[in-house]
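First the structure, in the form of structure tokens, and then the observations on it.
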Number of protein chains: 2
Amino acid sequence: MSRQHGYDLIERIGNLLRAEARQAGAGHGLQPVQLQALAYFARANRYSDTPAALAEYLGVTKGTASQTLMVLEALGLVSKREDKDDRRVTRVQVTAKGHQLLDKLLPPALWRNASAELSAAAAQRIEDELVRLLRVLQQVNQSRTFGVCNTCEHFLREGGRKFRCGLTAEPLSIEESRLICREHELKTGT
Amino acid sequence: MSRQHGYDLIERIGNLLRAEARQAGAGHGLQPVQLQALAYFARANRYSDTPAALAEYLGVTKGTASQTLMVLEALGLVSKREDKDDRRVTRVQVTAKGHQLLDKLLPPALWRNASAELSAAAAQRIEDELVRLLRVLQQVNQSRTFGVCNTCEHFLREGGRKFRCGLTAEPLSIEESRLICREHELKTGT
DNA sequence: TTATTATAGTATCGAGTCGATACTATAATG
DNA sequence: CATTATAGTATCGACTCGATACTATAATAA
């Protein structure tokens with residue numbers, strides 16, 4: 001019935017959620033971008049917990065990403081440490097305080113309430129279509145997918161509960177296999 | 001397959017499109033928000049072409065909306081005029097230059113290319129689910145829907161090609177009935 | 001009528017985003 | 001060992017955006 005185009009719809013939805021995220025974060029002195037960055041590191045695996053990866057994920061320059069991180073660090077929501085092997089890289093962890101805040105703020109109340117209004121089936125349909133849309137966009141944009149490790153082209157099952165990354169050849173824990181990875185690639189033929 | 005949650009998906013999609021919109025507008029000295037505002041006025045009907053309506057649409061304060069408009073006016077993309085009946089209100093029109101720019105920039109190339117990759121049926125499925133999601137969000141948020149006039153609860157067909165708004169009692173042209181309206185309300189039982 | 005209150009919009013300020021540029025430090029490559 | 005690439009930071013300027021205060025006009029109440 002509605003004659004709105006897809007792009008307008010996405011814009012509308014984005015505006016509503018952004019306004020909500022702004023309000024949610026404002027109470028704790030956080031901008032929407034900062035909240036997104038915090039959420040990213042809470043779900044990033046060991047190949048993806050760096051400022052450079054955040055910049056790619058958010059689609060901003062590394063300078064901007066660096067600034068965002070400085071704010072989060074000053075607030076005690078994340079901590080940094082130097083990588084042992086490559087002393088150029090900095091690794092970022094979410095602190096207990098950061099995790100606590102995330103649990104409280106994300107997803108925002110509007111989203112939670114909206115989800116409650118939907119049947120499980122309806123929510124699943126929406127999610128399925130969103131996944132399709134995202135994949136096409138990423139494919140066209142040739143951007144990294146930042147998918148979950150165990151859905152990756154490089155993910156190997158070595159029998160039982162043993163997993164390995166085919167790209168780095170390193171073994172992976174179950175927990176690790178559920179985090180998002182910068183090197184994630186869509187399985188061919190999916 | 002994917003274990004990402006709906007909210008993360010929306011965030012990802014939003015980031016990709018926002019980065020694209022930023023790039024598109026940057027070449028013409030426009031910020032993403034300014035482009036959105038311009039697009040809004042290009043599709044706003046006569047009840048909705050004011051700074052206050054823009055503020056509601058974008059979810060920002062009227063001060064912010066006013067500033068955004070000042071930029072667009074300085075660039076010659078919109079023009080303002082006083083309302084005849086209520087001298088407090090300002091009406092905003094997109095200039096020829098503004099329309100020209102919009103045609104060039106929106107929807108952004110990424111979206112156009114992605115659409116080209118999808119079958120008509122797949123695109124329709126995505127759009128349908130986006131509409132559902134948006135409606136639930138608006139319902140929960142109790143925000144205005146900003147829908148197209150002829151999908152409104154107040155829209156009246158008076159036989160043939162004659163239409164009328166049941167809220168203001170004014171007659172509507174066919175063209176007008178295709179624009180978005182600040183007073184739009186979802187039909188009950190849809 | 002006249003006071004009060006509500007609404008539309010602008011002006012101004014400060015905190016923050018974000019891109020651009022330049023820079024340092026380390027690693028990889030020739 | 002020189003060159004080049006990469007990770008990250010520092011700094012600056014243009015801009016967003018909320019908060020607050022303000023003006024002008026309209027609607028409402030006394």
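Throughout, protein chains are lettered first and strands after them, A, B, ... in sequence-line order, and every chain is numbered starting at 1. Heavy-atom basis, side chains included; hydrogens, waters and symmetry copies ignored.
The stretch residues 117-140 of chain B participates, sequence neighbours left out, in no ring-ring contact (aromatic ring centres under 6.0 Å, His included) pair at all.
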**Study point:** Nucleic acid footprint by protein, nucleotides 17-26 of chain D - heavy-atom cut-off 4.0 Å, B for base, S for sugar-phosphate alone
**Key:** BB------BS
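In this model, a donor atom of one side chain and an acceptor atom of the other lie less than 3.5 Å apart for B:S79 and B:Q93.
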Practice item. Before giving the answer on side-chain contact (heavy atoms from CB on, under 4.5 Å), spell out for B:N45 and B:C181 the whole-Å C-alpha distance, their side-chain angles and the decisive distance to 0.1 Å. Key: CA-CA 6 Å; B:N45 74 2; B:C181 181; 3.2 Å; yes
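Rounded to an integer number of Å, the gap from CE of A:M70 to P of D:dT9 is 8 Å. Rounding to whole angstrom units, CD of residue B:Q36 and C1' of D:dT16 are separated by 12 Å. Taking atom CD of residue A:Q31 and atom P of nucleotide C:dA15, one finds them 12 Å apart after rounding to whole Å. Rounded to whole Å, the distance from CD on A:E56 to C1' on D:dG8 is 14 Å. A:R81 places its CZ atom 16 Å from the C1' atom of D:dG8, with the value rounded to the nearest Å. One can place CG of A:D83 at 9 Å from P of D:dG8, the figure rounded to the nearest angstrom.
Grouped by direct or indirect side-chain proximity (heavy atoms under 4.5 Å, Ile/Leu/Val/Met/Phe/Trp/Tyr only), B:V89 sits alone.
Along DNA chain C, the nucleotide closest to B:A53 and the one closest to A:G29 are compared, and the more 5′ of them pairs with B:A53.
Each end of the helix from C:dT1-D:dA30 to C:dG30-D:dC1 yields a helix axis from five base pairs, and these two axes differ in direction by 20° (to the nearest 10 degrees).
Partners of A:P108 according to the side chain to side chain contact (heavy atoms under 4.5 Å, CB included) rule, which considers only residues two or more places apart in sequence or in another chain, are A:E20, A:L106, A:W111, B:Y7. Qualifying side chain to side chain contact (heavy atoms under 4.5 Å, CB included) partners for B:C152, counting only residues two or more places apart in sequence or in other chains: B:H154, B:F155, B:H184.
The 12-atom threshold is exceeded at CD of A:E170, counting heavy atoms of other residues, nucleotides or ligands nearer than 6.0 Å.
The pair A:R125-B:D128 does not meet the salt-bridge criterion, since no charged nitrogen lies less than 4.0 angstrom from a carboxylate oxygen.
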